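Worth knowing before you read on, the calculation uses all heavy atoms, side chains too, and leaves out hydrogens, waters and symmetry mates. Throughout, residue positions are numbered sequentially from 1 according to the sequence presented. Keep in mind that this is a model prediction, so the values were computed, not measured.
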Amino acid sequence: MFVSPASLCVLRSTVKLKMTVPPSMPAGSRPSATRRGVLAALGTVAVAGCSELVPRDASYQIVGGVESTLIRGLRDGTNRKVAETTPTDSSVVDAAPTDLELRTVAYDTAVVDLAGDGEMGLDSATVERIEDGYDDPYGVVVLTLYNDDPSNEIPKGNSYGYRVTLGQLKQVTPGNRVSATVATDREVVAIDELVAVDSAGG
């Protein structure tokens, strides 16, 4: 439950701290109370309930710039990082949509090797191989948020990883500006629908 009296809402100071959640952090993770306390001490304050409340089982919309993309899957009883695409020149922050130089790093090449310059090559055949080689494969899209995520208590300007399907992952790349609805009726934080994906080239 995310109920908090309006009087507890605190204005953020002009001092900003960008908290980036590492892409390796499992989807659905949230900053610890200690880390949120550090943010508050340094000037970026997030108070549960300060944003519009989101009822359980109701979706809501977020907007953000894609910082990185990641594939994970279960193989031999272990949840493995398969591959990750990140910018090589700069972060997105508030510049999306923007063109970025990208590199894909492969962590588990037993099923497929996606390493190389540029974004992941997720054609239909590759996705099928991943789905055959891993149990419950999924993607993670790390966004720098351009609006608050009230359900997860993440204020805009911070980065957070959202679980997506491989089909959804094929539609986005670092540098894109994404509008999406977030499902609140699941055990993990997941994108429900990609409403819009904007790239620098239109």
Evaluate the side-chain proximity of [Y] to [X]: yes if any heavy-atom separation is below 4.5 Å, no if none is.
{"X": "V82", "Y": "P137", "result": "no"}
{"X": "L122", "Y": "L169", "result": "yes"}
{"X": "E67", "Y": "P174", "result": "no"}
{"X": "P97", "Y": "N176", "result": "no"}

Check for a donor-acceptor pair, side chain of [X] on one end and backbone N or O of [Y] on the other, with a separation under 3.5 Å.
{"X": "T109", "Y": "V112", "value": "no"}
{"X": "T144", "Y": "N158", "value": "no"}
{"X": "N152", "Y": "I154", "value": "no"}
{"X": "R129", "Y": "V111", "value": "yes"}

Pair E193, S59 - check side-chain contact (heavy atoms from CB on, under 4.5 Å), show working.
CA-CA 10 Å; E193 178 184 1; S59 63; over 6 Å; no
When rounded to the nearest 0.5 angstrom, what is the spacing between CD in Q171 and CG in L194?
5.0 Å
Run the salt-bridge test on R80 and D136 with the 4.0 Å N-O cut-off and return the result as yes or no.
no
Only counting residues at least two apart or in another chain, list the ones meeting side-chain hydrogen bond (donor to acceptor under 3.5 Å, both in side chains) with [X].
{"X": "T69", "answer": "none"}
{"X": "D108", "answer": "R75, Y134"}
{"X": "D135", "answer": "none"}

Are [X] and [Y] joined in one hydrophobic group, where the rule is that I, L, V, M, F, W and Y side chains link up if heavy atoms are under 4.5 Å apart?
{"X": "M120", "Y": "V178", "answer": "yes"}
{"X": "Y160", "Y": "V172", "answer": "yes"}
{"X": "V189", "Y": "L145", "answer": "yes"}
{"X": "L102", "Y": "I71", "answer": "no"}

Candidate pair L166 and E131, rule side-chain contact (heavy atoms from CB on, under 4.5 Å), full reasoning:
CA-CA 9 Å; L166 296 184; E131 290 175 339; 4.0 Å; yes
Write down the atom of [X], the atom of [Y], and the distance for their closest heavy-atom approach.
{"X": "D113", "Y": "A106", "result": "OD1-CB, 3.4 Å"}
{"X": "L114", "Y": "I130", "result": "CD1-CD1, 4.4 Å"}
{"X": "A95", "Y": "Y146", "result": "N-OH, 3.6 Å"}
{"X": "R163", "Y": "V188", "result": "CD-CG2, 3.8 Å"}
{"X": "T173", "Y": "V66", "result": "O-CB, 3.6 Å"}
{"X": "S179", "Y": "V63", "result": "OG-CG2, 3.7 Å"}

Do [X] and [Y] have side-chain atoms, one donor and one acceptor, less than 3.5 Å apart?
{"X": "S151", "Y": "T184", "answer": "no"}
{"X": "D192", "Y": "Y162", "answer": "no"}
{"X": "T86", "Y": "S68", "answer": "no"}
{"X": "T85", "Y": "E119", "answer": "no"}

Is it true that atom CD of Q61 has more than 12 heavy atoms of other residues, nucleotides or ligands lying nearer than 6.0 Å?
yes
E101 atom CD, over 12 foreign heavy atoms within 6.0 Å
no
Partner of I191 by side-chain contact (heavy atoms from CB on, under 4.5 Å), out of I62, T181, T165:
I62
Face-on cation placement of K81 at Y107 ring, 6.0 Å and 45° thresholds:
yes
